[in-house]
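Structure record follows, encoded as structure tokens.
Letters go in sequence order (proteins before strands), and every chain restarts at 1. As the structure is a prediction and not an experimental result, all values here were calculated from the model.
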Number of protein chains: 2
Amino acid sequence: MAEDIVAGVMRQWQQVLPELDTAPMAVIGRLNRCSALLQQAADAPLRREGLTRPEFDILGTLRRTDRELTPGRIARETFASGAAVTKRLRQLEQRGLIARRPDDRDRRVTHLSLTDEGRELLDRLLPEQLGYEAALLDGLGTRNQERLAGSLGELLVLLEGRLGSLLDS
Amino acid sequence: MAEDIVAGVMRQWQQVLPELDTAPMAVIGRLNRCSALLQQAADAPLRREGLTRPEFDILGTLRRTDRELTPGRIARETFASGAAVTKRLRQLEQRGLIARRPDDRDRRVTHLSLTDEGRELLDRLLPEQLGYEAALLDGLGTRNQERLAGSLGELLVLLEGRLGSLLDS
DNA sequence: AGCATGTGTTTTATGAGTAAAAGATATTTC
DNA sequence: GAAATATCTTTTACTCATAAAACACATGCT
């Protein structure tokens, strides 16, 4: 069983400051490091199509909600700022992957939807992307993946809940 | 047991594309989301001291390796670009937290170390930071944290190993 | 000795993201 | 009906990170 980078870091701390409780690093440090590596590694299929991950997320959001969405709604759904969404939408529209439709009653709002081309690209790319990600996780073992997914789910619920109470600190 | 955001997204996909295998999302999607939330939430003690997380990492790296390091070495150790390290070192030096020493023989290289002030700041801040992170994880349960740390360690070993073979794709 | 090579650091140019302000228009209130 | 208010989108200004070029110098080879 090889040692990962974070374990090495924790061992270093133990030698220099033996009384330090480094336990949180085992979870948070590894989590951040895994995320960084995955984000760098896991988007290869997307990049081949000239899409960034946030752009892909917008296409996916439109596909899975299966209805028109406003820019503001997309911003909330993808946890991005309005400005970032504006830029991505412009880019996606220029590529012909999404289309705008003005609202009938409220001229401030526009509704976005996938074009046929956009849907075709996504439906082709998504299984490929998921397959690639599955390959990255291969070697963990199905049982381990399930446990990991479960634990992360609990943690995520915890963190989402705690977001509200973070305004205090 | 509440449902997390990723579970909701997976359910949406299941309704629109029932044959899609969304299993990787359960791990990778949650992992990325947790990391994003943690990075936003977990650095509060640092920010109070006017330090960014990457700056804090540099101080920590110097402290735990317990010897002088070159900028290049720090860049590799903290997974940052050389340019980013240059800027952070300048900032930390101006604040008097680190000191430069030119190499005796090779005038290209400089050696960096913590000043007394830098070490004092870190030794005060690190336990506080770890305590804060521990509080964030509280509610998961010790057993769950250990399992999570173990699974993430395995995944990390896997991903680190796979980094070399990523040049192929 | 002198020149090429390699290594380590810093600067420059560029791109991406965000917060805050601006712009546009509907809705509410008086 | 007019003015204030609210909401949604887009633009602007700024920060931060990176990649690539530029720079500085030691080392190795001839």
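Note on B:Arg100: only backbone sugar-phosphate atoms sit closer than 4.0 angstrom, heavy atoms only; bases stay farther off. Looking at heavy-atom distances under 4.0 Å, A:Thr52 makes no contact with the nucleic acid at all.
Between the A:Thr78 side chain and the A:Ile58 main chain, no donor and acceptor come within less than 3.5 Å of each other. A distance-only check finds no donor-acceptor pair linking the side chain of B:Thr70 to the backbone of B:Thr110 [under 3.5 Å]. Proximity of a side-chain donor or acceptor of A:Arg30 to a complementary backbone N or O of A:Ala26 within less than 3.5 Å is detected.
B:Leu137 and A:Val157 are not part of a single hydrophobic cluster, where members link through side-chain heavy atoms under 4.5 Å apart.
Separating the CZ atom of A:Phe79 from the P atom of C:dG17 is a distance of 16 Å, rounded to the nearest angstrom. What separates CG of B:Asp103 from P of C:dT7 is a distance of 16 Å, to the nearest Å. Rounded to an integer number of Å, the gap from A:Gln40 CD to D:dT18 C1' is 12 Å. One interatomic measurement links the two molecules: CZ of A:Arg47 to C1' of C:dG15, which rounds to 14 Å at whole-angstrom precision. If you take CG of A:Leu89 and P of C:dA16, they are 15 Å apart, rounded to a whole angstrom. One atom, NZ of A:Lys87, and another, P of D:dT12, lie 13 Å apart when rounded to the nearest Å. Rounding to whole angstrom units, CG of residue A:Leu112 and P of D:dC8 are separated by 15 Å. Computed from coordinates, the A:Leu92 CG to C:dA16 P distance equals 13 Å when rounded to whole Å.
Looking at B:Trp13 and A:Leu126, their side chains come closer than 4.5 Å, going by heavy atoms from C-beta outward.
With D:dT11, C:dT9, C:dT18 as the choices, the nucleotide that has an atom nearest any side-chain atom of A:Thr86 turns out to be D:dT11. For A:Arg90, counting side-chain heavy atoms from C-beta on, the closest listed nucleotide (D:dT10, D:dA17, D:dT11) is D:dT11. Considering only the side chain of A:Ala84, C:dT18 comes nearest among D:dA19, C:dT9, C:dT18.
Put simply, the residue from B:Gln12, B:Gln14, B:Gln15 that forms a side-chain hydrogen bond (donor to acceptor under 3.5 Å, both in side chains) with A:Arg64 is B:Gln12.
Phosphate contact (OP1/OP2 of C:dG17, side-chain N/O of A:Arg53, threshold under 4.0 Å): absent. Applying the 4.0 Å criterion to OP1 and OP2 of D:dA17, one finds that B:Arg88 has a side-chain N or O inside that range. Distances shorter than 4.0 Å separate none of the side-chain N or O atoms of B:Arg73 from OP1 or OP2 on C:dT9.
Residue order along DNA chain D, read from the 5' end via each residue's closest nucleotide, puts A:Ala83 first among A:Ala83 and B:Pro54.
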Scan nucleotides 21-27 of chain C nucleotide by nucleotide, 5' to 3', and note B when protein non-hydrogen atoms come under 4.0 Å of the base, S if they reach only the sugar-phosphate, - if neither.
---BBS-
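Electrostatic pairing of A:Glu154 and B:Arg143 does not count as a salt bridge here, judged by no charged N lying under 4.0 Å from a carboxylate O.
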